[in-house]
Trainee: 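Quick one: the structure is below, questions incoming.
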Amino acid sequence: MKTLFLVLLACRFAAEAAVSSAGGLVLIANKGDRTLGLIDPVAGKQMATIPEDGNTGHEVAASPDGRRAFVPIYGDSGVGKAGSDGSLLRVMDLVKREVVGTVDFGKGVRPHCAVMGPKDGLLYVTTELEKSVTIIDPASLKIVGSVPTGQAESHMLAITRDGRRGYTANVGSGTVSVLDLEARSLLQVIPVSPTVQRIALSTDDRRVFTADQTRPELAVIDTVSNTVAQRVALPGVAYGTATTPDGKWLIAALSKNKQVIALDLETMQVAHTFDAPRAPQEVLVQPDGAFAYISCDASKQVLMLNLKTWQIEKLIDAGPGADGLAWAAKP
């Protein structure tokens with residue numbers, strides 16, 4: 001009995017060391033109370049919230065130094081539904097834990113997904129009502145350009161590691177737009193299905209993944225031919241997805257099924273399935289690949305999945321409407 005206890009204790013310390021070695025926080029957009037939550041993954045709790053002073057932020061991005069967060073204020077509705085049209089982006093100081101700046105788009109554009117450019121250090125934000133991605137200088141907080149997507153409801157954005165290409169999931173249009181971020185131009189629109197959601201890139205940038213919302217299927221786009229090269233059957237309709245840094249796995253949230261799955265990207269077969277709290281939404285993989293975090297909207301929790309042991313590590317209480325996630329490095 002004593003030996004078993006010591007083994008379990010060693011496993012716990014090893015898991016905590018793995019989280020601690022990454023040295024950061026999980027940021028979460030709590031739509032229900034309009035706050036940004038700061039989660040300590042080692043302690044397994046939401047340690048603070050920052051009021052966003054807006055209605056309502058769905059997604060969040062962190063600056064590379066882990067000092068600031070960028071929260072687009074989307075509005076009070078879901079994508080494609082009637083409601084208010086957000087026109088602001090809040091900038092939050094994660095050390096002071098307060099709003100320290102605002103970008104005003106000048107009109108309602110429903111800004112949604114924010115992504116830091118990996119090479120140019122600029123902030124790219126989907127602006128749905130403009131059918132575009134707006135480019136912001138995060139230092140001056142000035143809008144410095146835009147890229148047309150050519151499609152309505154350009155909701156989510158993924159950027160290649162070299163920063164040259166962007167891909168947007170255009171929800172109601174059921175398409176993916178291919179963007180030249182250097183030339184700031186639209187290259188191509190790829191038909192996928194009647195409706196899509198979320199988007200992710202493989203670590204080698206050769207494949208784009210987006211989830212068909214009309215059937216339990218994942219569309220796999222070849223980034224050389226810019227065509228749907230494969231459709232992968234899933235146990236349920238997927239929502240958020242993210243790849244692991246080693247390129248071996250795609251973690252996907254099956255919202256209606258209340259499940260999280262791990263898809264083997266070599267065999268394209270589901271290798272692991274986990275029960276999740278209600279309405280799993282977005283997937284975030286820790287930079288070192290040790291853990292995945294899945295926000296669960298209806299249950300107000302974040303599921304922490306150990307990607308080494310394939311066990312659910314923790315269920316962390318967050319805020320109501322827990323949605324968008326980002327990793328903030330330790331300053």
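For the numbers below, each heavy atom of this structure counts, side chains included, while hydrogens, waters and symmetry mates do not.
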Trainee: Is it the case that over 12 heavy atoms from other parts of the model lie below 6.0 angstrom from the CZ atom of R67?
Mentor: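 No, not enclosed.
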
Trainee: For N30 and Q46, does a side-chain donor sit closer than 3.5 Å to a side-chain acceptor?
Mentor: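 Per modelled atom types, N30 and Q46 side chains form a pair under 3.5 Å.
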
Trainee: Can you check side chain to side chain contact (heavy atoms under 4.5 Å, CB included) on V220 and V228, steps first, answer last?
Mentor: CA-CA 6 Å; V220 184; V228 177; 6.0 Å; no

Trainee: Does this structure show an ion pair linking D205 with R161, if we count only N-O contacts that are shorter than 4.0 Å?
Mentor: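 Salt bridge present between D205 and R161.
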
Trainee: Could you grab the distance from atom OG1 of T203 to atom CG of L250, nearest 0.5 Å is fine?
Mentor: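 It comes to 11.0 Å.
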
Trainee: Walk me through whether I159 and Y124 qualify under side chain to side chain contact (heavy atoms under 4.5 Å, CB included).
Mentor: CA-CA 9 Å; I159 297 178; Y124 293 81; 3.8 Å; yes

Trainee: Look only at the side chain of T126 and the backbone of C113, and say whether a donor-acceptor pair between them is shorter than 3.5 Å.
Mentor: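 Present.
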
Trainee: Indicate yes or no: does E130 engage K107 in a salt bridge with an N to O separation below 4.0 Å.
Mentor: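 Yes.
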
Trainee: Can any side-chain N or O of N170 pair as donor or acceptor with the backbone N or O of S173 at less than 3.5 Å?
Mentor: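 No, because the side chain of N170 does not come within donor-acceptor range (under 3.5 Å) of the backbone of S173.
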
Trainee: Do any N or O atoms from the side chain of T273 and from the backbone of I261 form a donor-acceptor pair under 3.5 angstrom?
Mentor: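 No, because the side chain of T273 does not come within donor-acceptor range (under 3.5 Å) of the backbone of I261.
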
Trainee: Keeping D317 on the side-chain end and K45 on the backbone end, is there a donor-acceptor pair under 3.5 Å?
Mentor: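 No, the answer is negative, given that no donor and acceptor are paired below the 3.5 Å cut-off.
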
Trainee: How long is the gap from OG1 on T127 to CZ on F105, to the nearest 0.5 Å?
Mentor: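 Here the interatomic distance stands at 6.5 Å.
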
Trainee: Apply the test side chain to side chain contact (heavy atoms under 4.5 Å, CB included) to residues F291 and L307: give CA-CA distance (whole Å), side-chain angles for both, the deciding distance (0.1 Å), then the verdict.
Mentor: CA-CA 5 Å; F291 295 92; L307 299 179; 5.5 Å; no

Trainee: What is the distance from atom CG of L27 to atom CG of L284, rounded to the nearest 0.5 Å?
Mentor: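 The CG atom of L27 sits 9.0 Å away from the CG atom of L284.
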
Trainee: For side chain to side chain contact (heavy atoms under 4.5 Å, CB included), just list the numbers for V91 and L141, CA-CA rounded to whole Å, side-chain angles, deciding distance to a tenth of an Å, and then say yes or no.
Mentor: CA-CA 9 Å; V91 183; L141 299 184; 3.7 Å; yes

Trainee: Would you mind checking if R165 and E182 are paired as a salt bridge, meaning a charged N to carboxylate O distance below 4.0 Å?
Mentor: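 Between R165 and E182 there is no salt bridge, as every charged N stays at least 4.0 Å from the carboxylate O atoms.
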
Trainee: Do E313 and N306 have side-chain atoms, one donor and one acceptor, less than 3.5 Å apart?
Mentor: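 On atom types as modelled, these side chains qualify, holding a pair under 3.5 Å.
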
Trainee: Out of curiosity, K131 NZ to S146 OG, how far, rounded to the nearest 0.5 Å?
Mentor: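 These two atoms lie 14.0 Å from each other.
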
Trainee: Please work out whether the ring planes of Y74 and H155 are parallel, tilted or perpendicular, with thresholds of 30° and 60°.
Mentor: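 Perpendicular.
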
Trainee: Parallel, tilted or perpendicular for H272 and F274, by the 30°/60° rule?
Mentor: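 Geometry flag for F274 against H272: parallel rings.
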
Trainee: For A279 versus S255, what's the shortest heavy-atom pair and its separation?
Mentor: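 Looking at all heavy atoms of both residues, the closest pair is CA-OG, 3.6 Å.
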
Trainee: With clusters defined by side-chain heavy atoms of hydrophobic residues (ILVMFWY) lying less than 4.5 Å apart, directly or transitively, does L25 cluster with V100?
Mentor: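 Different clusters.
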
Trainee: Between the main-chain N or O of P148 and the side-chain N or O of S132, is there a donor-acceptor pair closer than 3.5 Å?
Mentor: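 No, S132 side chain to P148 backbone: no donor-acceptor pair under 3.5 Å.
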
Trainee: Calculate, to the nearest 0.5 Å, the distance between atoms CG and CD1 belonging to L94 and I50 respectively.
Mentor: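 Taking CG in L94 and CD1 in I50, the distance rounds to 5.5 Å.
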
Trainee: Can a donor-acceptor pair be found, under 3.5 Å and without considering hydrogens, that links the side chain of K314 to the backbone of P41?
Mentor: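 Yes, the answer is positive, given that a donor and an acceptor are paired below the 3.5 Å cut-off.
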
Trainee: Side chain of T35, backbone of P51: donor and acceptor closer than 3.5 Å?
Mentor: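 Looks like no, no N/O pair under 3.5 Å.
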
Trainee: Do the side chains of L325 and I316 join up, straight or via other hydrophobic residues, at under 4.5 Å, putting them in one cluster?
Mentor: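 Hydrophobic grouping puts L325 with I316.
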
Trainee: Here's a test for you: under side-chain contact (heavy atoms from CB on, under 4.5 Å), which of D104, V125, T134 qualifies with I143?
Mentor: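 With I143 as partner, D104, V125, T134 yield a single side-chain contact (heavy atoms from CB on, under 4.5 Å), made by T134.
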
Trainee: Output yes when a side-chain donor or acceptor of T243 lies under 3.5 Å from a complementary backbone atom of G247, and no otherwise.
Mentor: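 It does not hold such a pair.
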
Trainee: Salt bridge or not between R110 and E59? Use side-chain N to carboxylate O under 4.0 Å.
Mentor: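 Judged by the 4.0 Å cut-off on N to carboxylate O distance, R110 and E59 do not form a salt bridge.
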
Trainee: Report yes or no: do I294 and L315 belong to one cluster of Ile/Leu/Val/Met/Phe/Trp/Tyr joined by side chain heavy-atom distances under 4.5 Å?
Mentor: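 Result: yes, single cluster for both.
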
Trainee: Going by heavy atoms in the side chains, are S185 and L179 under 4.5 Å from each other?
Mentor: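 SC-SC contact between S185 and L179 ruled out.
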
Trainee: Is a side-chain N or O of D93 found less than 3.5 angstrom from the main chain of V95, in a donor-acceptor match?
Mentor: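 Indeed, once roles are kept as given, a pair shorter than 3.5 Å links the two residues.
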
Trainee: Honestly curious: do V171 and I190 fall in one hydrophobic cluster under the side-chain, below-4.5 Å linking rule?
Mentor: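 No, it is not one cluster - the side chains of V171 and I190 are not joined through contacts under 4.5 Å.
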
Trainee: T149 and S177: side-chain donor and acceptor closer than 3.5 Å?
Mentor: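 No, S177 and T149 have no side-chain donor paired with an acceptor closer than 3.5 Å.
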
Trainee: Between V115 and V133, is there a side-chain heavy-atom distance shorter than 4.5 Å?
Mentor: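 Result no, sub-4.5 Å side-chain heavy-atom pair not found.
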
Trainee: Under the salt bridge (charged side-chain N to carboxylate O under 4.0 Å, His left out) test against D297, which residue among R278, K256, K31, K258 passes?
Mentor: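 When salt bridge (charged side-chain N to carboxylate O under 4.0 Å, His left out) is applied between D297 and each of R278, K256, K31, K258, only K31 qualifies.
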
Trainee: Could you grab the distance from atom CZ of R198 to atom CG of L157, nearest 0.5 Å is fine?
Mentor: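 Going from the CZ atom of R198 to the CG atom of L157 covers 12.5 Å.
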
Trainee: Quick check: is I135 connected to L186 through a chain of hydrophobic side chains (ILVMFWY, heavy atoms under 4.5 Å apart)?
Mentor: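 The answer is yes; both residues are in one hydrophobic cluster.
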
Trainee: Would a distance-only check, ignoring hydrogens and angles, find a side-chain to backbone donor-acceptor pair under 3.5 Å from R90 to E52?
Mentor: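 At least one qualifying donor-acceptor pair exists.
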
Trainee: Specify the closest pair of heavy atoms between W327 and P287, including all atoms of both residues, with the distance to one decimal.
Mentor: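 Closest pair (atom of W327, atom of P287, distance): CD1-CG, 3.4 Å.
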
